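The structure displayed is predicted, hence computed values, not measured ones. The first residue in the sequence is number 1, and the count goes up from there. All heavy atoms count here, side chains included; hydrogens, waters and symmetry mates do not.
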Amino acid sequence: MIEFIRGALAELNPTYAVIECGGVGYMANISLNTYSALEGKSEAKLYIHEAIREDAYQLYGFETTSEREVFRLLTSVSGVGASTARVMVSAMNAGELKSVIMSGDVKALKGVKGIGLKTAERIVVELKDKIGKLDVCVSSSASQPSAAPTSTTKEESLQALEVLGYNKAQASKVVDKILSDNPELKVEGVVKAAFKML
């Protein structure tokens, strides 16, 4: 089992990173929080979760072990797959998810794409005690302002939303509105704001 991968950051997108380690490029699906933490770096260390199925072998990478543990807890709930769990850890950081689940805030969970009322209730019931035992450190660089928005910010935001299952045309309108109202947002901030509007 792979615990972590450390190496040169060969490629970084809002939804995946490629880390070169020992001459091999490992592609790992990442959350927006991890993307934000890796921006501007040339070296990276990702804590890995391996998802092995009959038809696919995928790696999910996380900047912190606490984010990975929350992801793993989410995927242990019936009806929550790896893709949905990644959307959840992208919409909220590990500390926010812990707080939402422990307080039983079903409405906040339902606000995440792919989570209906029954699944949100199941997450709260099944994880309330388990997530309370996790030592989750809250590190948030979520909406730190950067320079003026670039077309790259818009393109990367749209790419992330599309990969996470949102309609491109609808997402494009929402991203345009977010960037016109708040032009200094980074990709992570734009996507998190879009989650609330889509």
Side-chain angles (χ1 to χ4, degrees), residues 1-4 14-17 28-37 46-140 142-143 157 159-168 170-171 174 188-198:
M1 209 161 141
I2 301 172
E3 175 63 18
F4 66 84
T15 55
Y16 71 89
N29 296 293
I30 59 173
S31 70
L32 287 170
N33 296 310
T34 296
Y35 169 76
S36 180
L46 290 179
Y47 294 95
I48 299 297
H49 171 80
E50 296 173 277
I52 303 168
R53 301 189 321 244
E54 274 183 30
D55 60 341
Y57 175 69
Q58 295 181 313
L59 300 178
Y60 290 85
F62 305 94
E63 187 219 0
T64 64
T65 54
S66 57
E67 185 181 29
R68 180 179 65 181
E69 290 312 307
V70 170
F71 174 87
R72 286 177 171 170
L73 282 176
L74 289 168
T75 58
S76 73
V77 176
S78 175
V80 180
S83 295
T84 303
R86 180 171 64 155
V87 171
M88 292 181 77
V89 295
S90 291
M92 296 177 244
N93 65 37
E96 291 167 336
L97 274 166
K98 179 179 178 178
S99 173
V100 164
I101 292 168
M102 287 184 68
S103 66
D105 190 348
V106 173
K107 186 178 177 187
L109 291 172
K110 248 181 57 173
V112 177
K113 182 172 177 59
I115 301 295
L117 178 62
K118 287 184 179 178
T119 305
E121 289 171 345
R122 195 176 313 120
I123 289 170
V124 169
V125 169
E126 291 185 26
L127 300 185
K128 198 170 192 175
D129 293 334
K130 293 177 185 174
I131 206 163
K133 295 174 186 170
L134 282 185
D135 182 24
V136 174
C137 56
V138 181
S139 68
S140 177
S143 300
S157 299
Q159 178 190 11
L161 289 166
E162 202 173 352
V163 168
L164 295 171
Y166 291 92
N167 175 288
K168 189 173 184 175
Q170 189 179 10
V174 170
E188 183 188 2
V190 172
V191 175
K192 283 189 174 189
F195 282 156
K196 295 174 184 162
M197 297 170 71
L198 288 168

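Two rings, from F62 and H49, have their centers 6.0 Å or more apart.
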M102/I131 under side chain to side chain contact (heavy atoms under 4.5 Å, CB included): CA gap, chis, key distance, verdict: CA-CA 7 Å; M102 287 184 68; I131 206 163; 3.7 Å; yes

Salt bridge (Lys or Arg N to Asp or Glu O under 4.0 Å) between K133 and E69, worked out: CA-CA 11 Å; K133 295 174 186 170; E69 290 312 307; over 6 Å; no

Stepwise side chain to side chain contact (heavy atoms under 4.5 Å, CB included) check, V89 with R68: CA-CA 9 Å; V89 295; R68 180 179 65 181; over 6 Å; no

Trace of the side chain to side chain contact (heavy atoms under 4.5 Å, CB included) decision for I115 with I123: CA-CA 10 Å; I115 301 295; I123 289 170; 4.2 Å; yes

Check against side chain to side chain contact (heavy atoms under 4.5 Å, CB included), V70 and K98: CA-CA 8 Å; V70 170; K98 179 179 178 178; 5.6 Å; no

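Checked by atom type and distance alone, the side chain of R86 never pairs as donor or acceptor with a backbone atom of G81 at under 3.5 Å. In this structure a side-chain-to-backbone donor-acceptor pair under 3.5 Å is present from S90 to L32. E50 contributes no side-chain N or O that, together with a main-chain N or O of Y57, makes up a donor-acceptor pair within less than 3.5 Å. Judged purely by atom type and a 3.5 angstrom limit, S99 has no side-chain atom pairing as donor or acceptor with the backbone of G95. R122 contributes no side-chain N or O that, together with a main-chain N or O of V77, makes up a donor-acceptor pair within less than 3.5 Å. In this structure, N29 contributes its side chain and L59 its backbone to a donor-acceptor pair below 3.5 Å.
At a cut-off of 3.5 Å, with distance as the only test, a side-chain donor of N33 or K192 sits close to an acceptor on the other residue. Y35 and E188 form no side-chain donor-acceptor contact under 3.5 Å, judged by distance and modelled atom types alone. Judged purely by distance below 3.5 Å, without hydrogens or angles, the side chains of E67 and T34 pair a donor atom with an acceptor atom.
Not counting sequence neighbours, E121 has no partner by the side-chain hydrogen bond (donor to acceptor under 3.5 Å, both in side chains) test.
Residue F71 holds its CZ atom at 11.0 Å from OG of S76, rounded to the nearest 0.5 Å. Here CG of L97 is found 6.0 Å from CG of L74. Values are rounded to the nearest 0.5 Å. Note that CG of L134 and OG1 of T65 are 9.5 Å apart. Values are rounded to the nearest 0.5 Å. Here CG of N167 is found 8.5 Å from CD of E162. Values are rounded to the nearest 0.5 Å.
A cation-pi arrangement is absent between K113 and F195 under the rule of less than 6.0 angstrom and at most 45 degrees off the ring axis.
The existence of a salt bridge linking D105 and K107 is excluded, since no basic side-chain nitrogen approaches an acidic carboxylate oxygen closer than 4.0 Å.
The two residues A120 and V106 have their closest heavy-atom pair at CB-CG1, 3.6 Å. Contact record, L127 with L73: CD2-O, 3.6 Å, taken as the closest heavy-atom pair. Closest of all the heavy-atom pairs between A17 and L46 is CB-CD1, 4.4 Å. Taking every heavy atom of both residues into account, T15 and A160 meet most closely at CG2-CA, 3.6 Å. The minimum heavy-atom distance linking A28 with I48 is given by the pair CB-CD1, 4.4 Å. Minimum heavy-atom separation, A82 to T75: CA-CG2, 3.9 Å.
Looking only at side-chain heavy atoms (C-beta outward), T119 and K110 stay at 4.5 Å or farther from each other.
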